[in-house]
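A short worksheet on the structure shown next.
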Amino acid sequence: MREGRPVRVETRHSIQNTPTGTDCSPPTAVANVSQYACQRRTTTENHNKIFTDVMEELAESSEFNESKGPCLAFRQAASVLKSLPSAVHCLKAIQGLPCLGEHTKAVMEEILTFGRSFKVEEIRCDERYQALKLFTSVFGVGPKTAEKWYRRGLRSLQEILTEPNIQLNRMQRAGFLYYSDISKAVSKAEAKAVGCIIEETVHWIAPDAILALTGGFRRGKEYGHDVDFLLTMPEMGKEEGLLLHVIDRLKDQGILLYCDYQGSTFDVSKLPSCRFEDMDCFQKCFLILRLEQGQVEGERGLQRDPGDSRGWRAVRVDLVAPPVDRYAFALLGWTGSRVGLDQIIVK
DNA sequence: AGGCCTACG
DNA sequence: CGTA
DNA sequence: GCCT
């Protein structure tokens, strides 16, 4: 997810003392909003959905209008609001928070007063916005491609698939093929089932390999849009080639529907300075896996009508394979001191 | 007034 | 260009 | 649009 860019910390970003007691939100609501999006409190539930939905629509609309600045600003505003531990009930409660300026606050006031934003409702009615939103909801389709299709007069996904002169790339073909599955949220039970499959595959290759769930489900979320794992070997360097082996095995099992592999770009001799926190250089892959319904806890053998559904669904899965020293560092960073390694390593 | 991730495929 |  |  993407949480937007870091914001410099200021003393005013911390809550001011409110000795008069006129604030109408818990005092903790505004305290401790970090300078960095990645350091902000990541709550399991979003307590300000009524605001963040609108901010994200404004961001999307800005993106479609190629207004990069406003797009970023609305995304950051949404990110800050999502990090709050409780719902905002009056504007006073967000005093001093970063990324919430004049315009954003005006929109929020409108929502507090009328329960809706009229500007956003206008945007939602716009034909171009609707089409671009629909097109970009396909995995592999961004604003440029969506705009191209819109200018050709296309309006529905069916029209895209029917149009003979459109050549979809590999990513987009997967996007259309598994559209409804990928659009659907992944449940915790499904994430666990994916974990079992990856675990079995990984340990078949290397019994001492270490696999850990990360991302939203690691933080205890009930639903997510993909499932993330960290994978490594206890002995430094042994993780080389492991990820490609895993991908081969998934292929052999016939459950690999899509695979985008990125080799490691970590090179000590090339790096000007050691950046421990740079996770982007590790081996990783973005997959779409076929998950059998029978593998999911709670859905075992409940299939009364086999003709009713396929008996499986597609799930987006990310695997990252750092060397073990970085792995430990990354896990501790994501996990915090309260959870032990035994709780986060899938065994 | 000017910036607003980046690296990879 | 699109992804994370 | 928000911040510097």
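Residue numbers start from 1 in every chain, and the chains themselves are labelled A, B, ... in the order their sequence lines are given, proteins ahead of strands. These numbers come from the heavy atoms of this one structure, side chains and all, not from hydrogens, waters or symmetry mates.
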Does A:S62 reach a base, just sugar-phosphate, or nothing at all? Heavy atoms under 4.0 Å. nothing
Can you tabulate the close N/O pairs, meaning under 3.5 Å, that link protein atoms to atoms of nucleotides 1-3 of chain C?
from  : atom 1 : to     : atom 2 : distance (Å)
C:dC1 : O3'    : A:T145 : OG1    : 3.3
C:dG2 : OP1    : A:G142 : N      : 2.8
C:dG2 : OP1    : A:G142 : O      : 3.3
C:dG2 : OP1    : A:T145 : N      : 3.1
C:dG2 : OP1    : A:T145 : OG1    : 2.2
C:dG2 : OP2    : A:K144 : N      : 3.4
C:dG2 : O5'    : A:G142 : N      : 3.3
C:dT3 : OP1    : A:G140 : N      : 2.6

Cluster link A:I255 to A:I198, ILVMFWY, side chain under 4.5 Å: yes
Got a sec, which pairs hit ring-ring contact (aromatic ring centres under 6.0 Å, His included) with one end in residues 42-76 of chain A, sequence neighbours left out? A:F64-A:Y129, A:F74-A:H103
Taken to the nearest whole Å, NZ/A:K68 to P/D:dC2 is 18 Å
Could you check how far CG of A:L244 sits from P of B:dG9, rounded to whole Å? 11 Å
Nearest whole Å is fine: how far is D:dC3 C1' from A:Q76 CD? 9 Å
Partner of A:L256 by side-chain contact (heavy atoms from CB on, under 4.5 Å), out of A:L289, A:V317, A:D248: A:L289
Does the side chain of A:T104 get closer than 4.0 angstrom to OP1 or OP2 of D:dC2 through an N or O atom? yes
Nearest-angstrom distance, P atom, D:dT4 to B:dC5: 16 Å
Is A:L287 reachable from A:M171 through a run of hydrophobic residues whose side-chain heavy atoms are each under 4.5 Å from the next? no
Suppose clustering is done on Ile, Leu, Val, Met, Phe, Trp and Tyr with side-chain heavy atoms closer than 4.5 Å. Which residues sit in the same group as A:V324? A:M236
Could you please spell out the steps behind the side chain to side chain contact (heavy atoms under 4.5 Å, CB included) verdict for A:R75 and A:C71? CA-CA 6 Å; A:R75 289 234 150 89; A:C71 173; 3.2 Å; yes
To the nearest angstrom, how far is A:L72 atom CG from D:dG1 atom P? 13 Å
